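Labels below follow one simple rule: chain letters A, B, ... track the order of the sequence lines, proteins then strands, and each chain is numbered from 1. Predicted, not measured: the structure shown is a model, and the values here were computed from it.
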Amino acid sequence: MPELPEVETVVRSISGHLVGKRIVNARFSSNRVTRGDHAATGTALIGATITDIERRGKQIWICLDRGFLYVHLGMTGKLLWNGKPGKYTRASLDFDDGTLLFDDIRTFGRFEFFGAKENALGRVGPDALTVSAQEFLSRLKERRGRIKAVLLSQSFLAGVGNIYADEALFAARIHPRAMAGRLSEARSRRLHSEMVKILSEAIRHKGSSISDYVDGFGERGSFQQLHKVYGQTGKPCPSCGTEIRRIVVGQRGTHYCPRCQRV
DNA sequence: ATCTATTCCTGGCTGC
DNA sequence: TGCAGCCAGGAATAGA
């Protein structure tokens with residue numbers, strides 16, 4: 001499941017192959033990924049030249065000389081350079097020297113053209129990797145929900161998903177059900193620094209390949225081997241040995257150590 | 001305005 | 001072997 005480190009890894013892997021290239025053809029096999037008329041999307045894309053690729057949180061913005069291609073990988077989306085088209089290929093862009101595929105089993109992903117970036121749906125908060133401690137703290141104070149749910153909210157902070165929320169809360173020794181706005185300044189500060197550290201570390205390991213996440217060349221990440229609580233239900237806490245527990249917070253499976261992490 | 005529950009989707013797993 | 005039923009979750013949407 002792609003979160004900030006996985007999306008960053010994908011962007012890094014394909015950027016060099018796309019920037020400066022002209023789209024010579026576009027094909028779609030799903031109306032769902034374009035959230036509308038995919039023929040119009042194709043018309044808008046064919047002939048456009050890619051000028052840059054940006055990431056904000058989990059969003060990918062492929063900047064064109066005539067607009068923007070917004071890509072969100074959702075749960076199972078993949079961008080593959082010169083991959084093999086298959087049953088789940090929802091869109092593909094041809095270039096003179098290769099093809100970019102958008103594969104997505106569960107079709108939670110998006111592959112949409114926008115004339116302007118401002119048209120993007122939903123406001124997203126600052127990027128989790130680059131947000132300053134000061135901004136993180138002041139935004140956290142305004143929130144009244146549980147810290148786990150707040151971390152998952154892209155309007156609060158862009159890029160953190162279920163895996164890295166659990167891992168960051170464990171590292172900061174904060175209980176996932178703690179109320180966000182009531183955390184002390186010291187604990188909030190620690191959460192910020194642990195979160196940035198974990199996201200950076202995960203990028204160095206090319207992300208976490210839990211189910212079928214791969215980068216633009218089909219390569220798996222390795223950070224899943226370093227998860228301390230996510231998916232570790234019943235296993236001993238690496239810090240104190242207590243069994244890792246699984247609860248539900250904000251409708252999401254949540255893994256934590258009941259001894260190390262306090263409200 | 002802010003928070004919570006529901007919905008979309010399909011492969012993989014469990015249990016009968 | 002097959003199949004029903006459930007689970008995973010990002011984020012838009014509806015409801016409180």
Of E3(A), H227(A), Q224(A), the residue whose pairing with S208(A) passes side chain to side chain donor-acceptor pair (under 3.5 Å): H227(A)
Using a cut-off of 4.0 Å on non-hydrogen atoms, how would the nucleic acid contact of Y230(A) be classed: base, sugar-phosphate, or nothing? sugar-phosphate
Rounded distance in Å - CZ (R177(A)) to P (dT4(B)): 12 Å
Every protein N/O within reach of nucleotides 4-7 of chain C N/O, cut-off under 3.5 Å:
none

Identify the pairs formed between an N or O of the protein and an N or O of nucleotides 9-13 of chain B at a distance under 3.5 Å, and give each distance.
unit_1, atom_1, unit_2, atom_2, d
dC9(B), O2, R106(A), NE, 3.0
dG11(B), OP1, Y88(A), OH, 2.2

Mind checking side-chain contact (heavy atoms from CB on, under 4.5 Å) for T51(A) and listing every partner two or more places apart, or none if nothing turns up? C63(A), D65(A)
Between dG10(C) (C1') and K58(A) (NZ): distance, integer Å: 6 Å
Looking at D166(A) and V229(A), would you say the former's side chain and the latter's main chain have a donor-acceptor pair under 3.5 Å? no
Give the rounded distance in Å between these two atoms: CD of Q59(A) and C1' of dA12(C). 13 Å
Donor-acceptor pair, side chain of T43(A) and main chain of A39(A), under 3.5 angstrom: yes
Please report, to 0.1 Å, the donor-acceptor pairs under 3.5 Å made by any side chain of residues 236-243 of chain A, with sequence neighbours excluded.
none

Filtered N/O pairs between nucleotides 14-16 of chain C and protein, under 3.5 Å:
none

Cluster check I60(A), F111(A): I/L/V/M/F/W/Y, side chain < 4.5 angstrom: yes
Identify, with sequence neighbours excluded, every residue that meets side-chain contact (heavy atoms from CB on, under 4.5 Å) alongside A180(A). L140(A), R143(A), I147(A), V150(A)
Name all residues meeting the side-chain hydrogen bond (donor to acceptor under 3.5 Å, both in side chains) criterion together with R204(A); count only those two or more places apart in sequence or in a different chain, and write none if there are none. E201(A)
Taking atom P of dG10(C) as reference, at what distance in whole Å does atom CG of L157(A) sit? 14 Å
Please list, in numerical order, the residues of residues 138-145 of chain A that have a heavy atom closer than 4.0 Å to any atom of DNA chain B. R143(A), R144(A), G145(A)
Pairs satisfying ring pair (Phe, Tyr, Trp, His ring centres under 6.0 Å), at least one member in residues 197-216 of chain A, at least two apart: H205(A)-F223(A)
Return the orientation label for the W81(A) and H17(A) ring planes: parallel under 30°, perpendicular over 60°, tilted otherwise. tilted
Could you work out how much the helix from dT2(B)-dA16(C) to dC16(B)-dG2(C) bends, comparing the axis of its first five pairs with that of its last five, to 10°? 40°
Could you give the CD-to-C1' distance, from E6(A) to dG10(C), as a whole number of Å? 13 Å
Please work out which of the three classes, parallel, tilted or perpendicular, describes the rings of H38(A) and F28(A), given edges at 30° and 60°. parallel
Grab the CZ-C1' distance between R110(A) and dT13(C) for me, whole Å please. 11 Å
K58(A): salt bridge (charged side-chain N to carboxylate O under 4.0 Å, His left out) partners, not counting sequence neighbours: none
May I ask you to say what G253(A) touches in the nucleic acid, namely base, sugar-phosphate or nothing, with a heavy-atom cut-off under 4.0 Å? sugar-phosphate
Could you tell me whether a side-chain N or O of E219(A) sits under 3.5 Å from a main-chain N or O of S13(A), the two making a donor and an acceptor? no
To the nearest angstrom, how far is L151(A) atom CG from dC3(B) atom P? 13 Å
Taking only residues two or more places apart in sequence, or in another chain, which ones meet R56(A) in a side-chain contact (heavy atoms from CB on, under 4.5 Å)? V124(A)
Does the pair L64(A) and I50(A) meet the rule for a side chain to side chain contact (heavy atoms under 4.5 Å, CB included), with working shown? CA-CA 4 Å; L64(A) 308 167; I50(A) 296 174; 3.7 Å; yes
Using a strict threshold of under 4.0 Å (side-chain N to carboxylate O), is an ion pair present between K78(A) and D215(A)? no
Answer yes or no: side-chain N or O of R252(A) and base N or O of dG10(C) forming a donor-acceptor pair under 3.5 Å. yes
Expressed as a whole number of angstroms, how long is the span from Q251(A):CD to dA12(C):P? 16 Å
